[in-house]
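Side chains included, hydrogens not; waters and symmetry mates left out as well; all remaining heavy atoms used. Naming convention: chains lettered A, B, ... in sequence-line order (proteins, then strands); numbering from 1 in each chain.
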There are 2 protein chains.
Amino acid sequence: MDKSILFTKCVSLITSVHRVTHKLTKNSKSDSITPIQYKILEYITVSQPVTPSEISDCQHISMPNTSRELKKISEKNLIEKISDPADRRKQFIRLTEQGEAMMSESFKSLESLFLTRIQNASKEDLQDIEHAMDILQTKVFY
Amino acid sequence: MDKSILFTKCVSLITSVHRVTHKLTKNSKSDSITPIQYKILEYITVSQPVTPSEISDCQHISMPNTSRELKKISEKNLIEKISDPADRRKQFIRLTEQGEAMMSESFKSLESLFLTRIQNASKEDLQDIEHAMDILQTKVFY
DNA sequence: TGATTTTGTTATCAATTGATAAGTAAAAGA
DNA sequence: TCTTTTACTTATCAATTGATAACAAAATCA
């Protein structure tokens, strides 16, 4: 196995992912949301419930800045903070119904593109794609 | 096959790709280069020679801001501006030798970080990963 | 218990980035 | 020729984002 070729494929895939999803991040200008707030909301959407520390670590935003942005998002009623009864220092962040609605709306154009692309895929293709996503998620892009 | 679950996995993977890429490019960035300057340099690298207008259009940066950043990058001796003899309003932007060296170094360190990440993968894993990348590249992110 | 670590907040300042107005020089068009 | 358009620059202000210090409360540890 030539790992150099594998790296080239990886770069190619990354570029494609960026290109295909550019529309998603671009259309996310949903009024009062800044890019970093969208990024945080995106992470919360796929990982909820999450703690502020996890957001800080995974999105490479300092804790004070994470706290500031979470406060702003919270004031827009897009997320809610639930304190952990087992450890009262911790907070679990979740999307509110309004937040879910906004992110779902935001993902819609991407989803329709995605569904269009896989609409003609066979059952075997779909299983291949799912397996491929699992592989890359766990082994490369973790 | 629930296509909705498949889409969720897709979003999750996209998010991870963004996060990992950000981490990798962050590590490879030179100290004196800001994120937007890196983005511009990356575009110049794969598309040179380019004009400021093309950079502005393709990277969605306004002309005044593009001009400002190009000036800064130029002052760091990473690019050079060559005016088009056929149309003296136009400029062709190219990487200088120093700029080429920097981007090449940056690409190399990106690769080494990728290799580190897959270094413990078995031969079967590597084949799985390659196959997964091919699948997603051809069926979803084309 | 008392010291230390973890988790998160508030406040503040600097740097980066975005947006807009105004201007220059060259090319294109009437 | 003279007007308009194109390509780019300069200047300026506002918003976003990054970085750091100081703090509080709860958990852990010794």
Test item: [X] side-chain N/O and [Y] main-chain N/O as donor-acceptor pair under 3.5 Å:
{"X": "A/Thr45", "Y": "A/Leu41", "result": "yes"}
{"X": "B/Thr138", "Y": "B/Ile135", "result": "yes"}
{"X": "A/Thr51", "Y": "A/Glu54", "result": "yes"}
{"X": "A/Arg117", "Y": "B/Val140", "result": "yes"}

Shortest side-chain distance from A/Arg68, nucleotide among C/dT12, C/dT20, D/dT20:
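Nearest nucleotide to the side chain: C/dT12.
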Tell me: [atom1] of [X] to [atom2] of [N], nearest whole Å?
{"X": "B/Met63", "N": "D/dT5", "atom1": "CE", "atom2": "P", "answer": "18 Å"}
{"X": "B/Ile33", "N": "C/dT17", "atom1": "CD1", "atom2": "C1'", "answer": "16 Å"}
{"X": "A/Glu69", "N": "D/dA19", "atom1": "CD", "atom2": "C1'", "answer": "14 Å"}
{"X": "B/Ile40", "N": "C/dT17", "atom1": "CD1", "atom2": "C1'", "answer": "11 Å"}

Tell me which residues in residues 87-94 of chain A lie within less than 4.0 Å of DNA chain C, going by non-hydrogen atoms.
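Heavy-atom contacts with DNA chain C come from A/Arg89, A/Lys90, A/Gln91.
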Who passes ring pair (Phe, Tyr, Trp, His ring centres under 6.0 Å) against B/Phe7, sequence neighbours left out?
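Partners of B/Phe7 by the ring pair (Phe, Tyr, Trp, His ring centres under 6.0 Å) criterion, ordered by chain and then number, come out as A/Phe114.
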What distance do A/Lys139 atom NZ and B/Leu126 atom CG have between them, rounded to the nearest 0.5 Å?
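Reported value, rounded in 0.5 Å steps: 9.0 Å.
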With rounding to the nearest 0.5 angstrom, report the CD1 to CE distance, B/Ile73 to B/Met102.
9.0 Å
What residues from residues 70-86 of chain B pass a heavy-atom cutoff of under 4.0 Å to DNA chain D?
B/Lys71, B/Lys81
Residues from residues 47-56 of chain B sitting under 4.0 Å of DNA chain D, heavy atoms only?
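Those residues whose heavy atoms fall under 4.0 Å from DNA chain D, taken from residues 47-56 of chain B in numerical order, are B/Thr51, B/Pro52, B/Ser53.
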Who pairs with A/Gln137 by side chain to side chain donor-acceptor pair (under 3.5 Å), at least two apart in sequence or on another chain?
B/Ser12, B/Ser16
A side-chain contact here means heavy atoms from C-beta on lying under 4.5 Å apart; do A/Glu105 and A/Lys108 qualify?
yes
Tell me whether B/Glu75 is salt-bridged to B/Lys72, with the criterion being a basic N under 4.0 Å from an acidic carboxylate O.
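No.
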Starting from the 5' end of DNA chain C, give me the residue, B/Gln37 or A/Asn65, whose nearest nucleotide shows up first.
A/Asn65
Identify all side-chain donor-acceptor contacts of residues 76-86 of chain A below 3.5 Å with residues at least two apart in sequence or on another chain.
residue: A/Lys76; atom: NZ; partner: A/Ser32; partner atom: O; Å: 2.6
residue: A/Lys76; atom: NZ; partner: A/Gln37; partner atom: OE1; Å: 2.9
residue: A/Asp84; atom: OD1; partner: A/Ala86; partner atom: N; Å: 2.8

